Structures are given as C-alpha cells and as structure tokens.
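Remember, it's a predicted structure, so these values are computed and weren't measured experimentally. Atoms considered below: every heavy atom in the structure, side chains included; atoms not considered: hydrogens, waters and symmetry mates. Just follow the structure's listing: the first ligand is 1, and inside any ligand the first atom is 1.
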Amino acid sequence: MNIAIIGATGTIGKAIVSNMENRHTLFKAGKNQGDYQVDITSTDSLNRFFNDIGKVDAIISVAGDLHLGSIEDMSVDDFNVGLQSKLLGQVKVALTGQKYLHEGGSITLTSGIVSEQPIAGGSNPATVNAAIDAFVRGAAVDLPKVRINSVSPNVVIESLPNYGPFFPGFEAVPTKRVALAYQRSAEGPMTGYTFKVW
Ligand SMILES: NC(=O)c1ccc[n+]([C@@H]2O[C@H](COP(=O)([O-])OP(=O)(O)OC[C@H]3O[C@@H](n4cnc5c(N)ncnc54)[C@H](OP(=O)(O)O)[C@@H]3O)[C@@H](O)[C@H]2O)c1
C-alpha cells in the first residue's frame, strides 16, 4: 500500500514507520522534519501535500498539539490550542484526505487515554481526544467507500521523561505496541472504531 503518515518524525510516528516500512511505500511527513512538510492546521498545506504525493491507500495522522494546565488559570486561547491543532487539524486531515484516497482506503487519527481517564491539568486533552473518537464514529457512517478509525494510546514509555509526572500510576505502553494499532486500522477491516492501547 501507499501510506501517508503525518507526524512520522515524532515519538509514536517513528514506531509506526519502523513497523510498516518493510511492507508499504511510506510518505513520511512532519511539520518541519521528514521527507515532506505539512501543517495539519492549514487546508492549503494539506492539499499541497496530497497533490505532491498523489492518491494513497491509507492516511495516518499522529500529530497535534494540546494544552496541559489547570482550568483555574486557563485562558480561552490556551484551550483553543487543542481545538485548533489536534482536533480541527486532524478533522482537516480527514476532510481533505478523503479526496486523495483510493476506494477501500483508510484514515486513522490519533486521540488518547485522557478522553476517559482524567489527569490533573487534562481538561483540554480530555475534550479533544473524546471529540476525535466521536468524530470517527460519526464520520464512518457517511463514508461507505473508505474507512476511518482512531488510535487512543496510553502515555508511551518513550515519553515518560516529558509526560510521566502527569500520569502517576498509569501503565505506560511501548510505542512498538501502539504502532500495531495503526497497522490494524490501516490493514484490517474495522471502521468507526477506536483502537485503545491501554
Ligand atoms: N506520546 C504519548 O505518550 C502520547 C500518548 C497519547 C496520545 N498521544 C498523541 O499522539 C500524537 C503524537 O504524539 P508524539 O508524542 O509522537 O508527538 P511528538 O513526538 O511531539 O511528534 C509530533 C509529530 O507531529 C508533527 N507535527 C507537529 N505539529 C504538526 C502540525 N501542525 N502539522 C503536521 N505535523 C505536525 C511533528 O513534526 P516535526 O518533527 O517536523 O515537528 C512530529 O512528526 C499527539 O497527538 C499526542 O497527543 C501521545
């Protein structure tokens, strides 16, 4: 398959690449790094990227910023970070990307465990991740010719130096295991489904 991976240069993206690169032709994109540069917050940038690479069989989005912090001192602009980047950015990937998919192709977006299991300072990720999972359930019924799923990772072991203090007692998972969920989404039959790697 030809597979576009947006966020391929990131912590989880690198593990997806390593799992898939021997079986598929990968178009590896990041915001600044990678073989292609694309900004998920810009529909123009996404159209340029998909025009460059041509039609694909699967699109994987593993990118998007969030705001971590207590609502006691959160501004609307703080909260908007996750809405504009991880939520609307990935919705833009789906809205734009569907036009560049072969019939039977798939879109996989990324959410996260905080949708259902709160952490301190996590109201923005809780909202955004739940919305991504709801979006794929809702969108799947309108997409008879392509599939759409999300992957919801626990905090990954490789990110513990940065995010560990936000996840006390969570059983962190290796990115290698998270990568299998993206494989199931792209290579398997599911649609409208959230693969929880918890
Ligand atoms: N890490 C975890 O423990 C964990 C757990 C659950 C969910 N998640 C979710 O998984 C996703 C990836 O996490 P990660 O830890 O792998 O992130 P990361 O290491 O920071 O990597 C982010 C990747 O996304 C790209 N990117 C950033 N902003 C972008 C934009 N506006 N447009 C296109 N690409 C962009 C980056 O490109 P450059 O390299 O060019 O900057 C990089 O490839 C995030 O949505 C995160 O919320 C992560």
Side-chain angles (χ1 to χ4, degrees), residues 3-19 26-50 52-53 59-69 80-97 107-119 121-133 135-136 149-168 170-182 185 194-198:
I3 302 183
I5 304 180
I6 301 174
T9 53
T11 308
I12 297 175
K14 281 184 211 157
I16 300 170
V17 168
S18 147
N19 174 38
L26 303 182
F27 299 89
K28 296 174 272 186
K31 188 175 180 187
N32 303 300
Q33 308 179 82
D35 298 338
Y36 299 87
Q37 279 71 55
V38 63
D39 182 357
I40 59 170
T41 66
S42 160
T43 301
D44 287 347
S45 171
L46 284 161
N47 270 313
R48 272 196 301 276
F49 169 59
F50 288 120
D52 271 3
I53 65 174
I59 296 166
I60 291 171
S61 166
V62 58
D65 295 336
L66 291 164
H67 176 76
L68 285 172
N80 203 25
V81 170
L83 299 187
Q84 293 303 319
S85 181
K86 187 168 177 177
L87 176 54
L88 196 55
Q90 293 199 97
V91 168
K92 287 176 184 173
V93 170
L95 297 182
T96 310
I107 298 166
T108 307
L109 308 182
T110 301
S111 58
I113 191 171
V114 178
S115 60
E116 290 184 36
Q117 300 192 19
I119 58 170
S123 59
N124 189 238
T127 307
V128 167
N129 291 335
I132 290 289
D133 293 342
F135 174 73
V136 303
N149 298 303
S150 56
V151 172
S152 177
N154 201 332
V155 66
V156 299
I157 290 169
E158 292 84 343
S159 294
L160 286 178
N162 291 330
Y163 301 126
F166 286 96
F167 292 89
F170 283 64
E171 191 173 1
V173 295
T175 52
K176 196 173 174 183
R177 200 177 133 208
V178 176
L180 295 175
Y182 292 89
S185 179
T194 296
F195 294 89
K196 296 178 181 176
V197 191
W198 298 359

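The aromatic rings of Y36 and F27 lie tilted to each other, with the angle between the two planes from 30° to 60°.
Protein residues having a heavy atom under 4.0 Å from any atom of ligand 1 are I6, G7, A8, T9, G10, T11, I12, G30, K31, N32, Q33, V38, D39, I40, V62, A63, G64, L66, K86, T110, S111, P153, N154, V155, V156, S159, listed by chain and number.
Between V93 and L46, the closest heavy-atom pair is N-CD1, 3.8 Å.
Salt bridge annotation for E158-K14: absent, with no cationic side-chain nitrogen under 4.0 angstrom from a carboxylate oxygen.
Shown here are the ring-ring contact (aromatic ring centres under 6.0 Å, His included) partners of F170, two or more places apart in sequence or in another chain: F167.
Counting only heavy atoms from C-beta outward, the side chains of V128 and L83 approach each other to under 4.5 Å.
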TODO: Begin with the C-alpha distance, continue with both residues' side-chain angles, and end with the deciding distance and a verdict on side-chain contact (heavy atoms from CB on, under 4.5 Å) for Q84 and T41.
DONE: CA-CA 7 Å; Q84 293 303 319; T41 66; 5.5 Å; no
